[in-house]
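These notes concern the structure reproduced below.
So that the names make sense, note that chain A is the first sequence line, chain B the second, and so on, each numbered from 1. The analysis underlying the following values was restricted to heavy atoms, covering all of them including side chains, and did not include hydrogens, waters or symmetry mates.
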Protein chains: 2
Amino acid sequence: MINRIRELRGERGWSQADLAERLDVSRQTVNAIETGKYDPSLPLAFKIARLFGLSIESIFEPEPQAATPMVSRHPME
Amino acid sequence: MINRIRELRGERGWSQADLAERLDVSRQTVNAIETGKYDPSLPLAFKIARLFGLSIESIFEPEPQAATPMVSRHPME
DNA sequence: GGAACATGTCAAGCACGCTTTACATCCTAA
DNA sequence: TTAGGATGTAAAGCGTGCTTGACATGTTCC
């Protein structure tokens with residue numbers, strides 16, 4: 001999942017700590033999401049979208065494509 | 001987090017198992033999300049929205065309001 | 001040089017998202 | 001009446017989302 005959070009935060013001149021406070025999460029959480037360590041929960045994604053006044057779809061984008069594996073998704077059936 | 005999944009699924013005449021298969025998750029996951037036991041991950045929310053051809057915002061809605069607790073969120077600081 | 005801030009990262013711990021297996025109930029069809 | 005589908009729920013297990021605390025680095029400003 002790719003996101004534009006760092007860009008949106010930068011436009012507003014906020015530090016990761018500033019954003020974390022506005023979202024009521026830890027600074028490490030903001031950093032982990034920006035650096036792609038993990039995706040936010042759906043409720044947090046809503047908070048982020050509302051804070052920036054944008055839709056979730058305009059901030060987050062599912063991975064280019066988690067290519068369908070060469071093996072069956074339902075082996076031995 | 002409130003969602004309209006059961007309604008959208010019903011309109012299409014799909015069982016929970018049908019929907020689960022289309023989303024590539026277990027039937028219990030669909031059931032748990034419909035019955036409000038937990039919220040889907042952000043990637044699954046995207047899958048759901050795309051399957052129904054709707055925006056995430058038009059399917060999910062953050063709780064009416066998780067009322068601000070009477071106690072400080074940052075005690076002893 | 002030293003203080004202060006911004007960012008990145010690690011570790012431990014807890015709660016949640018999702019899995020498989022299994023069982024119970026309800027409803028409809030034959 | 002029995003079989004089958006649809007739904008609800010439970011337990012155990014694994015990985016992720018988020019927390020606090022801590023430390024390292026780079027930058028800026030005195």
Strictly distance-based, threshold 3.5 Å: is any side-chain N or O of [X] a donor or acceptor partner for the main-chain N or O of [Y]?
| X | Y | answer |
| --- | --- | --- |
| B/R9 | B/W14 | yes |
| A/R4 | A/I59 | no |
| A/E57 | B/I56 | yes |

Which whole-number value in Å describes the distance from [X] [atom1] to [N] [atom2]?
| X | N | atom1 | atom2 | result |
| --- | --- | --- | --- | --- |
| B/L23 | C/dT19 | CG | P | 10 Å |
| A/I33 | C/dT9 | CD1 | C1' | 16 Å |
| A/I5 | C/dG8 | CD1 | P | 13 Å |
| B/D39 | C/dA15 | CG | P | 17 Å |

Kindly say if [X] contacts the phosphate of [N], meaning a side-chain N or O under 4.0 Å from OP1 or OP2.
| X | N | value |
| --- | --- | --- |
| A/N31 | C/dT7 | no |
| A/R9 | C/dA6 | no |
| A/S26 | D/dT19 | yes |
| A/R27 | C/dC5 | no |

Taking only the side-chain heavy atoms of [X] (C-beta and beyond), determine which of [options] contains the nearest atom.
| X | options | value |
| --- | --- | --- |
| B/S41 | D/dG8, C/dG8, C/dC18 | C/dC18 |
| B/Y38 | C/dT19, D/dT19, D/dT9 | C/dT19 |
| A/Q28 | D/dT20, D/dC23, C/dC18 | D/dT20 |

| request: Could you say whether B/V25 or A/R6 is positioned toward the 5' end of DNA chain C, judged by the nucleotide with the nearest heavy atom to each? | output: A/R6
| task | Report yes if the side chains of A/I48 and A/L54 come closer than 4.5 Å at any heavy-atom pair, otherwise no. | result |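 A/I48 does not reach A/L54 side chain to side chain.
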| request: Give A/S15 one of three labels, base, sugar-phosphate or nothing, depending on what nucleic acid heavy atoms sit under 4.0 Å from its own. | output: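 Sugar-phosphate, backbone atoms only, no base.
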| field | Of B/K37 and B/D18, the one whose closest DNA chain D nucleotide lies more 5' | value | B/D18
